[in-house]
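Proteins get letters first, then strands, A, B, ... in listed order; numbering begins at 1 in each. Remember, it's a predicted structure, so these values are computed and weren't measured experimentally.
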Number of protein chains: 2
Amino acid sequence: MHQTESVIDSLRKEGFRITPQRVAIVNHILNTESHPSAEELHAAVRKKHPMVSLATVYKTLELLKKKGMVRELDFPTGARYDSNLEKHVNLVCVKCGRIDDMDESTLGDLESRVAKKARYSILGGRFELYGYCSQCQGKK
Amino acid sequence: MHQTESVIDSLRKEGFRITPQRVAIVNHILNTESHPSAEELHAAVRKKHPMVSLATVYKTLELLKKKGMVRELDFPTGARYDSNLEKHVNLVCVKCGRIDDMDESTLGDLESRVAKKARYSILGGRFELYGYCSQCQGKK
DNA sequence: ATCTATGCAAACATTTTGCAGGCTG
DNA sequence: CAGCCTGCAAAATGTTTGCATAGAT
């Protein structure tokens, strides 16, 4: 709830203007478990702040991405946005569409092993597994 | 070079028609190390077969995806296609854009650990790491 | 001869951009 | 009050679809 404050503060410190739109968007993306698309985020933000355009949502997401405050996940159905900045594994249910997270420890030392083997210096990663979640198993 | 034959054969056996376009597209995607976009694939195929439309490339890719012969990777810049069907890790160089593969063994038992923990039945996955490849390090 | 696959163009969906006016700092 | 930010609409991508015809079986 108040991590919104700290994100807003750091934007302010960098000289970006703090508008009601930005506050609303930041607040929503930080406080949702789901991984909303731009449209979904727009719709959600509009419930409280009808005066937010989709273009502004995109522009704000772009800003937050550059600042490393949200990450973009590209799916065949379009981009989704995620504020969980720690490395994690996304579990995507192909039946109901829910996306679950698992924390970083799940990955073990994968990153360092790969970096060494391939001689890459790693900046970030994306890990997804597709399947049926516990509730959707059996009802294919 | 002749895995093209076996893919074509299995399409033939399933009753799909074998057109020069399909052969050309299958041949290209199986015999490239790169992970081409639909446009790139179209351009490449056209060099030998000028009579191939982009729509046909998309339709053929759709067919091959359904048959499990290629996989689609969705990047912010658009979809890319990959014929390496074994599970593997994609290494994306953020500087020069090259995409390298690492084989499945890199993943260890990640999948089974996750499946157990989250009670998902896993169908497939996607693993990517972003960073600087060995040639691009230092020249940021 | 049959019926699928192709090619074209139009339709679509998503994301980006240009610009005039409004609001933050 | 200077200039960044917004909202609108138009534009730019990337992908899909409908339909008439060519072509594989």
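- For A/D74 against A/R126, the heavy-atom pair with the smallest separation is O-NH2, 2.8 Å.
- Judged by distance alone with a 3.5 Å cut-off, no donor-acceptor contact links the side chain of A/R17 to the base of D/dC5.
- Nearest nucleotide to the side chain of A/A38, out of C/dT6, C/dT15, D/dT6: C/dT15.
- One can place CZ of A/F16 at 7 Å from P of D/dC5, the figure rounded to the nearest angstrom.
- Closest to the side chain of A/P20, out of C/dT24, D/dT6, C/dA5, is C/dT24.
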Check step by step if side chain to side chain donor-acceptor pair (under 3.5 Å) holds for A/N90 and A/D101.
CA-CA 5 Å; A/N90 284 121; A/D101 292 340; 2.7 Å; yes
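- A donor-acceptor contact under 3.5 Å is not formed by the side chain of A/K13 with the base of C/dG25.
- For the pair B/L73 CG and D/dG14 C1', the computed distance is 16 Å after rounding to whole Å.
- The base of D/dC5 is not paired with the side chain of A/R22 by any donor and acceptor separated by under 3.5 Å.
- In this structure, B/H49 contributes its side chain and B/Q21 its backbone to no donor-acceptor pair below 3.5 Å.
- To the nearest angstrom, P of C/dT6 lies 12 Å from NE2 of B/H42.
- Among the nucleotides D/dT17, C/dT15, C/dA5, the one closest to any side-chain atom of B/K59 is D/dT17.
- For B/A55, taking side-chain heavy atoms from C-beta onward, the closest of the listed nucleotides D/dC8, C/dA9, C/dT15 is C/dA9.
- The distance from atom CZ of B/R46 to atom C1' of C/dC8 is 11 Å, rounded to the nearest whole Å.
- Between A/P50 and B/D74, the residue whose closest nucleotide on DNA chain D is further toward the 5' end is A/P50.
- The minimum heavy-atom distance linking B/N27 with B/N31 is given by the pair O-OD1, 2.8 Å.
- Counting to the nearest Å, the P atom of D/dT15 and the CD atom of B/E40 are 11 Å from each other.
- Toward the 5′ end of DNA chain D lies the nearest nucleotide of A/L63, the other residue of the pair A/L63 and B/R12 mapping further downstream.
- With C/dC19, C/dC8, D/dT16 as the candidates, the nucleotide lying closest to the side chain of B/Y58 is D/dT16.
- Rounded to an integer number of Å, the gap from B/Q21 CD to C/dT6 P is 5 Å.
- Not one side-chain nitrogen or oxygen of B/S53 sits closer than 4.0 Å to the OP1 or OP2 atom of C/dT6.
- For A/E62 and A/K59, the salt-bridge test fails: no basic side-chain N is under 4.0 Å from an acidic carboxylate O.
- Atom CG of A/L54 and atom P of D/dT6 are 13 Å apart (whole Å).
- Between B/I18 atom CD1 and D/dA22 atom C1' the separation is 17 Å, expressed in whole Å.
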